[in-house]
Amino acid sequence: MLIKVYGSSVFGVEATTITIEVNIDKGIGYYLVGLPDNAIKESNFRIAAALQNNGYRIPGKRITINMAPADLRKEGSAYDLTLAIGILAASGQINSEKVHEYLIMGELSLDGGLQSIRGALSIAIKAKEENFKGLILPFQNVKEAAIVKGLKVYGVSTINEVIDFFNGEKELEETIVDIDKEFNKSLEFPDFDFADVKGQESIKRCMEIAAAGGHNIILIGPPGSGKTMLAKRLPSILPPMTLQEALETTKIHSVVGKLPGIGLMTQRPFRSPHHTISDVALVGGGTYPQPGEISLSHNGVLFLDELPEFKRSVLEVMRQPLEDREVTISRAKFTITYPSSLMLVASMNPSPSGFFNDAETPGVSSPQEMQRYLGKISGPLLDRIDIHVEVTPVPFDKLSDERKGENSFAIRKRVVKAREIQQIRFKGLEKTHYNAQMSTRQIRVHCVLDNTSKLLLKNAMERLNLSARAYDRILKVARTIADLEGEDKVNGSHISEAIQYRSLDREGWLG
Ligand SMILES: Nc1ncnc2c1ncn2[C@@H]1O[C@H](COP(=O)(O)OP(=O)(O)OP(=O)(O)O)[C@@H](O)[C@H]1O
Ligand SMILES: [Mg+2]
């Protein structure tokens, strides 16, 4: 008998429906065709054991399985359940009437239990589009799939439940997630709040400006000064994610299988990869392409702690994705794109010794050592960082101060207001949504200076020996400062403040 069952293949962040035809005939043999990879080819061993352990079997006949479309490579072990149900239906061991109405996915263990799969959200979106009656998948993935409205989603923990369902012996329980409720609830409580940070008012101000204009930022300070603590709190002052953004981000995390048990990601992600990370793990790729850290940071924050410790090649490969806000992975036969719109926060010590070079600190680094250290980060990546800020540890009496600082909620209100101004400014533009994304031409239009401010900037640039590249960045940041104040025009005080955030451009900085 010939039976059709349906599975799904995730390609990038989009799913494609896979039609699996199972034909059982006289003879002997097991043939699986349609570009399956080794994991799928091995599925017959898992399926045989899982069926046997539950009182069923792979019939000793000629079994031919075709996975279509034939030209698309199918990967992984998530088709085990689909294939097993197909074989049971084609051999008359279960009722085959309804199997074609459902999209079925799941990896089997030998006892018939189900293991989680990747890309459940993308799969559910596709299943909805193609009007399947429901999606049956491992219970571990049910919450992410149930985000999709208008699709019945069933989480199962063993193959037996699926068998009973198709035989009409037991119903499956539909999982329903109220995303609007989840979404609204989570907006109020960020995991990390700026209220926990004592003192550091000027740094908090910088982070507010960075968040308001979407500016990448680098924190320069000795160990223990609170750089990591501050960086972790940046997502809490960024504007709340829109549902669209939450879906995009969740999709990417779903594809790498990082969501077991969690539904919609309603908080902006914060990713902090170690400096020994490989190029592929950072930007994505690999034999079976997967999104990297920069895509997992999509709509959130990527924190590169100890920036000069990263391999130069790793920093180089980030350039394009940072600019384009997406990663493109090209192979001979296909191209995959992963979104990667993120805010970069980097941190570094002021010198290889870890501390600011001043008279009181021991182990002062020589100018050569300093140059080597800074040389590692200069150029391409530093060019994409608008704000440099020096972080000094807060003194003990401030640390022990019981009073709480301003909370993230209050700061975020101002950020949101400044972003609204930018939304109006850049309305209808495809590539520019906030100040940090302005091109040189847009800067000329939106950051017009009067003569006094012009002179101020010119003098400061000469006095501090600021490089030409600093010029545009100062203007962009000044624009954001003006937006935070609700000012139409960029004035001298905005410029003066923005100039302070260019530490690394200053010749002979930090002594
Ligand atoms: N301003 C502050 N308010 C409250 N706690 C602070 C503050 N600064 C530092 N701390 C405390 O010090 C700890 C160390 O800070 P953190 O790890 O953020 O420093 P760091 O600059 O990242 O150091 P390293 O260079 O070693 O990574 C924090 O976990 C926090 O408990
Ligand atoms: Mg740290």
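Whatever order the structure lists ligands and atoms in, that order sets their numbers, starting from 1.
In terms of protein heavy-atom proximity, atom 3 (N) of ligand 1 is nearest to K198 N, 2.9 Å. Of the protein's non-hydrogen atoms, the one nearest atom 12 (O) of ligand 1 is G224 O, 4.2 Å. With respect to atom 25 (O) of ligand 1, the closest heavy atom belonging to the protein is K227 NZ, 2.8 Å.
Note on K458 versus E462: salt bridge recorded, some NZ/NE/NH1/NH2 to OD/OE distance being below 4.0 Å. The pair R444-D472 meets the salt-bridge criterion, since a charged nitrogen lies less than 4.0 angstrom from a carboxylate oxygen. Taking 4.0 Å as the cut-off between side-chain N and carboxylate O, E208 and R414 count as a salt-bridged pair.
By the criterion of a heavy-atom distance under 4.0 Å, the backbone of D196, and not its side chain, is placed next to ligand 1. The side chain of V394, and not its backbone, has at least one atom closer than 4.0 Å to an atom of ligand 1 (non-hydrogen atoms only; side chain from C-beta on).
Between the choices G199, G405, S225, the shortest heavy-atom distance to atom 8 (N) of ligand 1 belongs to S225. Relative to atom 11 (C) of ligand 1, the option among M229, K204, Q200 with the closest non-hydrogen atom is M229. The option with the heavy atom closest to atom 16 (P) of ligand 1, from among G226, G221, P222, is G226.
In summary, no N, O or S atom of S347 is located under 2.8 Å from the Mg ion (ligand 2).
Shown in contact with V197 at under 4.0 Å from a heavy atom are these atoms of ligand 1, numbered in order with element: 1 (N), 3 (N).
Between the side chain of T250 and the backbone N or O of M265 there is at least one donor-acceptor pair closer than 3.5 Å.
For atom 29 (O) of ligand 1, the nearest protein heavy atom lies 4.0 Å or farther away.
A cation-pi arrangement is found for R419 relative to Y434, the charged atom lying closer than 6.0 Å to the ring centre and inside a 45° cone about the ring normal.
Assignment of V391 to the shell around ligand 1 is not supported, since no heavy atom sits closer than 4.0 Å.
Side-chain contact check for D305 and T228: at least one donor-acceptor pair (N or O, by modelled atom type) lies under 3.5 Å.
When the salt bridge (Lys or Arg N to Asp or Glu O under 4.0 Å) test is applied to K126, the partners found at least two apart in sequence or on another chain are E129, E130.
Side-chain atoms of R425 and Q422, non-hydrogen and from C-beta on, do get closer than 4.5 Å to each other.
In terms of polar-atom proximity, T228 is counted as a contact of ligand 1, with an N or O under 3.5 Å from an N or O of the ligand.
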